[in-house]
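To find a chain, count down the sequence lines: A is the first, B the second, and so on, and within it residues start at 1.
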Number of protein chains: 2
Amino acid sequence: MTSNTAGGPSRRERMRAETIAEIKASARSQLLQHGPSGISLRAIARDVGVTAAALYRYFDSLDALLMELCCDLYDELIAETRKAMDASPPEAHLERMKAWIWAFREWAVTNRREFELMISFPEDHNAMAMCARAGEAAGLPFDPITAKSMEHAQLCGGELAKFYEETSSQGGGIPPVQLPELSPGLTAELRDRCALFVVGETVPLAWIFSFVSGWVRVFGLVVMEAFGNLPVQEHVDEFYKSQILMMMHDFGIEG
Amino acid sequence: MTSNTAGGPSRRERMRAETIAEIKASARSQLLQHGPSGISLRAIARDVGVTAAALYRYFDSLDALLMELCCDLYDELIAETRKAMDASPPEAHLERMKAWIWAFREWAVTNRREFELMISFPEDHNAMAMCARAGEAAGLPFDPITAKSMEHAQLCGGELAKFYEETSSQGGGIPPVQLPELSPGLTAELRDRCALFVVGETVPLAWIFSFVSGWVRVFGLVVMEAFGNLPVQEHVDEFYKSQILMMMHDFGIEG
DNA sequence: TATTAAAGTGAACACCGTTAGCTAACTAAT
DNA sequence: ATTAGTTAGCTAACGGTGTTCACTTTAATA
């Protein structure tokens, strides 16, 4: 009757997916209310209307559930960021990069607890080891959460690469203000590491360096704000804008 | 016999202090081994050789214990940083500020889990509320942990103020490279907030702005490295040095 | 319809933080 | 020196947690 002639997901699979979604939704609701450490497997079970033991049909452990939730949150952040970027046309690389920063901040601040879970996860518990093992099993070089984080950074890095391509092809390109002397070792590592972020082509070292510097700065801003450590607390928007301006200055762009 | 004629701490008080130290040491050892969420009150009790209930003679709750531990860790960080700064003479403000950054990083990286506890604390659990209440009770405007964090930042901010004093008194002072236009509101807030950090006198707005920017950058660097998110992972020392160079450039200093 | 795999249950285990009431030990004052 | 009061420690218990195991129900399949 319910045979799978259409090739689509069977009734059971649909049910299962629905239950999983329900579980995750409950977990997130608890995350919102009580923070990362306040998520209780038994409370989730109570919420979903099922025994605690039943959840083990869906997740190997609470940590595994949290990890999946964490990945979902990254997906949400990435989707949100991408949407914000796409509000500007594909050629407006600068605007799209600004949108990336802005969306990142917006999401992290309006979803503080989720963000807290995301950044505290990679090394919390023994989860890192678990992550790493899962990653290796799938043939990936990184644990899934680090991978997601890089996917997120790549949204901005790729845009930078495209921006370089265009500016360099139509008139010399913009020389960055200043690049300190770097050893061949660091130079190589920057290129290697950022081949993953800045997926693009032969962007010059100065750009890569400025990109990494900017990435660190934005990370600092967002984490500080989300964790309540930002010195500025009233005119945060303007402060961000001024920081963006300064970073653009590093790329030799006056905005 | 054991009367307190000398005015010093009584035998009981000494014993008590010793026990408290033992408890904290055990807590820290567990922090080191199992991370912030792996600290168990009962395990501490077992370790110290006492019943779990007995610990409540020393701390109101596990959270209270963690908070005190957190403050101790800040004290350790501050002491270490101060020591590193004092390796340079009092006039070498630039060197002392570099030492501040370097010591901060060093401590955070060699005490990752402690650092993790420290930055995840201010908002974790309901501890923030507890902190705030404790702070208000003591008449302080901030919770003790935020206060410690600011004391730490002040080590660097104060040095910057002294540096400005000297350079401005002996020949015009160094103009920072660039300061974006800031609204009166943000200007005022920067001055207000940083009156706490940069305890000093009439340092110009551009310096305050650059200081806050630098503070954000260093925070980003340290957090990323401690949490394993720093893009650079092999030539970290050199990367830090290059970042410091760039920040000095913001102050108009080539070095 | 009989078979088989999945989903769910209930009880148990070993932990956890916290509280209440009691006992022994030590301090301080009479 | 005796007494009163404080402090540190104990045991026992309560309600909570994650996790496992054996068992039953449910639903899809052959």
(message) Run Glu13(B) and Arg16(B) through salt bridge (Lys or Arg N to Asp or Glu O under 4.0 Å) and show every step you take.
(response) CA-CA 5 Å; Glu13(B) 280 166 338; Arg16(B) 186 178 174 82; over 6 Å; no
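For the residue pair Tyr240(B) and Glu225(B), a side-chain donor N or O sits within less than 3.5 Å of a side-chain acceptor on the partner. Of the N and O atoms on the side chains of Trp107(B) and Glu76(B), at least one donor lies less than 3.5 Å from an acceptor on the other residue. Side-chain N/O atoms of Ser120(B) and Glu116(A) include no donor and acceptor closer than 3.5 Å.
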Close N or O pairs between protein and nucleotides 16-18 of chain D (under 3.5 Å):
from, atom 1, to, atom 2, distance (Å)
dT17(D), OP1, Ser40(A), OG, 3.0
dT17(D), OP1, Arg46(A), NH2, 3.3
dT17(D), OP2, Arg46(A), NH2, 2.6
dG18(D), OP1, Leu41(A), N, 2.4
dG18(D), OP2, Leu41(A), N, 3.1
dG18(D), OP2, Arg42(A), N, 2.9
dG18(D), N7, Arg42(A), NH1, 2.3
dG18(D), O6, Arg42(A), NH1, 2.8

Kindly give the atom pairs (protein nitrogen or oxygen, nucleotide nitrogen or oxygen) under 3.5 Å for nucleotides 6-9 of chain C.
from, atom 1, to, atom 2, distance (Å)
dA7(C), OP1, Arg16(A), NH1, 3.1
dA7(C), OP2, Arg16(A), NH1, 2.9
dG8(C), OP2, Tyr58(A), OH, 2.6
dG8(C), N7, Arg57(A), NE, 3.1
dG8(C), O6, Arg57(A), NH2, 2.3
dT9(C), OP2, Thr51(A), N, 2.8
dT9(C), OP2, Thr51(A), OG1, 2.7
dT9(C), O5', Thr51(A), OG1, 3.2

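Atom-to-atom, CE of Met15(B) to C1' of dT6(D) comes out at 17 Å; the value is rounded to the nearest Å. Computed from coordinates, the Glu13(A) CD to dA5(C) P distance equals 16 Å when rounded to whole Å. For the pair Phe59(A) CZ and dT19(D) C1', the computed distance is 16 Å after rounding to whole Å. Following rounding to the nearest Å, Arg14(A) (CZ) and dA28(D) (C1') show an atom-to-atom distance of 13 Å. Atom CG of Leu66(B) is separated from atom C1' of dG17(C) by 12 Å (rounded to the nearest Å).
Summarising the geometry of Asp237(B) relative to Trp102(B), their closest heavy-atom pair is O-CH2, 3.5 Å, with the distance given to 0.1 Å. Among all heavy-atom pairs drawn from Ile78(A) and Glu151(A), the shortest one is CD1-CD, 3.7 Å.
Counting heavy-atom neighbours within 6.0 Å of Glu106(A) CD, excluding the residue itself, gives a total of 12 or less.
Looking at heavy atoms from C-beta onward, Met118(B) lies out of side-chain contact with Ile145(B) at the 4.5 angstrom threshold.
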